[in-house]
Amino acid sequence: MESIAIVTVLALVQYLVFSYQVSLARIKHSVRAPAMTGHPEFERAYRVHQNTLEQIVVFVPALWMFAVYVHALTGAIIGLLFPLGRYIYGKSYMNDPSRRAAGFTIGAASTAILLTGAAIGALISWIRPL
């Protein structure tokens with residue numbers, strides 16, 4: 001389970017880095033709170049951060065359930081694709097938002113595989129004792 005904890009920490013630290021990048025963009029472009037719009041660079045940083053929040057809320061439980069019901073090391077390996085995809089997504093979105101699809105797809109595929117595996121594993125575990 002240590003591998004799952006490491007991947008979880010990696011994803012959460014990445015989320016915090018995205019949060020910090022929003023703060024930097026807010027300061028750089030004088031976007032005063034509570035404003036959520038302003039300079040395009042700020043808006044892109046904010047969307048990377050928010051989209052990561054929208055994704056991580058499904059990713060983390062899926063990762064842990066996969067580890068419990070399928071296999072921890074396999075889950076960690078698949079889970080590493082999430083922060084990789086988020087990194088690619090973030091870099092792409094900041095440079096050209098229209099090119100964000102590859103990074104999004106990598107992260108979303110990781111989550112989908114983990115969630116599907118967790119559901120199947122839990123179902124098998126539940127049915128097996130019957």
Side-chain angles (χ1 to χ4, degrees):
M1 296 301 278
E2 292 82 1
S3 59
I4 296 298
I6 291 166
V7 172
T8 302
V9 168
L10 182 63
L12 293 174
V13 167
Q14 182 180 53
Y15 175 73
L16 292 175
V17 168
F18 290 158
S19 176
Y20 181 66
Q21 290 172 337
V22 172
S23 297
L24 292 177
R26 185 179 286 281
I27 292 165
K28 178 180 178 182
H29 299 292
S30 300
V31 179
R32 301 183 79 188
M36 301 313 298
T37 59
H39 192 277
E41 185 179 321
F42 164 76
E43 291 180 5
R44 289 192 303 268
Y46 178 72
R47 279 307 307 146
V48 168
H49 179 249
Q50 282 303 116
N51 188 265
T52 300
L53 176 61
E54 293 161 7
Q55 300 297 315
I56 209 166
V57 72
V58 178
F59 168 74
V60 171
L63 176 66
W64 282 89
M65 288 186 295
F66 188 98
V68 169
Y69 291 109
V70 181
H71 190 262
L73 185 57
T74 303
I77 292 167
I78 296 167
L80 282 172
L81 294 174
F82 181 82
L84 173 65
R86 293 278 92 198
Y87 174 80
I88 295 167
Y89 174 86
K91 287 292 184 186
S92 300
Y93 204 108
M94 291 305 293
N95 291 326
D96 179 3
S98 69
R99 309 220 6 124
R100 70 191 187 278
F104 180 87
T105 301
I106 292 167
S110 170
T111 301
I113 292 166
L114 292 168
L115 189 59
T116 301
I120 291 168
L123 184 60
I124 289 170
S125 181
W126 182 58
I127 291 173
R128 190 173 293 147
L130 302 177

Open item on the list: Hydrophobic clustering (ILVMFWY, side-chain heavy atoms < 4.5 Å, transitive) - are Val68 and Ile77 grouped together?
Closed with: no
Open item on the list: Test of understanding: clusters of I, L, V, M, F, W, Y form through side-chain heavy atoms closer than 4.5 Å, transitively. Do Leu24 and Met36 belong to the same one?
Closed with: no
Task: Tyr69 OH to Ile124 CD1 distance, which is reported to the nearest 0.5 Å - done: 12.5 Å
Open item on the list: So which atom in Phe42 and which in Thr37 form the shortest heavy-atom distance, rounded to 0.1 Å?
Closed with: CE2-N, 4.1 Å
TODO: Measure the CG-CG distance between Leu115 and Leu63 for me, rounded to the nearest 0.5 Å.
DONE: 11.5 Å
Open item on the list: With a 4.5 Å cut-off on side-chain heavy atoms, are Met65 and Leu114 touching?
Closed with: no
Task: Separation of Lys28 NZ from Ser23 OG (nearest 0.5 Å) - done: 14.0 Å
TODO: Indicate yes or no: at least one non-hydrogen side-chain atom of Ile88 is less than 4.5 angstrom from one of Leu84.
DONE: yes
Open item on the list: Donor-acceptor pair, distance only, cut-off 3.5 Å: does the side chain of His39 make one with the backbone of Glu41?
Closed with: yes
Open item on the list: If you apply the rule side-chain contact (heavy atoms from CB on, under 4.5 Å), what do you find for Thr8 with Ile4, and how did you get there?
Closed with: CA-CA 6 Å; Thr8 302; Ile4 296 298; 4.2 Å; yes
Open item on the list: Quick check on the hydrophobic clustering: are Val7 and Val13 connected, directly or via other members, by side-chain heavy-atom contacts under 4.5 Å?
Closed with: no
Open item on the list: Distance check, rounded to the nearest 0.5 Å: Leu123 atom CG versus Arg128 atom CZ?
Closed with: 10.5 Å
TODO: Locate the shortest heavy-atom distance separating Ala62 from Ala118; write the atom from each residue and the value.
DONE: O-CB, 4.2 Å
- [ ] For Val70 and Ile120, run side-chain contact (heavy atoms from CB on, under 4.5 Å): C-alpha distance rounded to whole Å, both residues' side-chain angles, the deciding distance at 0.1 Å, then the answer.
- [x] CA-CA 9 Å; Val70 181; Ile120 291 168; over 6 Å; no
Open item on the list: Rounded to the nearest 0.5 Å, what separates atom CZ in Phe18 from atom CG in Leu53?
Closed with: 12.0 Å
Task: Modelled atom types, side-chain donor and acceptor of Asn51 and Arg86, under 3.5 Å - done: yes
Open item on the list: Considering only residues two or more places apart or on different chains, which pairs with a residue in residues 44-65 satisfy ring-ring contact (aromatic ring centres under 6.0 Å, His included)?
Closed with: Tyr15-His49, Phe59-Phe82
Open item on the list: Treating Arg47 as the side-chain partner and Arg44 as the backbone partner, does any N or O pair qualify as donor plus acceptor under 3.5 Å?
Closed with: no
Open item on the list: Count I, L, V, M, F, W, Y as connected when their side-chain heavy atoms are under 4.5 Å apart, and connections chain through other members. Are Tyr87 and Ile56 then in the same cluster?
Closed with: no
Task: Thr52 (side chain) donor-acceptor with Val48 (main chain) under 3.5 angstrom - done: yes
Open item on the list: I need the minimum non-hydrogen distance between Leu81 and Ile106, along with the two atoms involved.
Closed with: O-CG2, 3.4 Å
Task: ILVMFWY network linking Phe66 to Met1, side-chain heavy atoms under 4.5 angstrom - done: yes
Open item on the list: Please check: side-chain N/O of Arg100 versus main-chain N/O of Tyr89, any donor-acceptor pairing under 3.5 Å?
Closed with: no
- [ ] Could you tell me which non-hydrogen atom of Ala45 sits nearest to which non-hydrogen atom of Met94, and how far apart they are?
- [x] N-SD, 3.4 Å
Open item on the list: A quick test of your reading: do over 12 heavy atoms of other residues, nucleotides or ligands sit less than 6.0 Å from CD of Glu54?
Closed with: yes
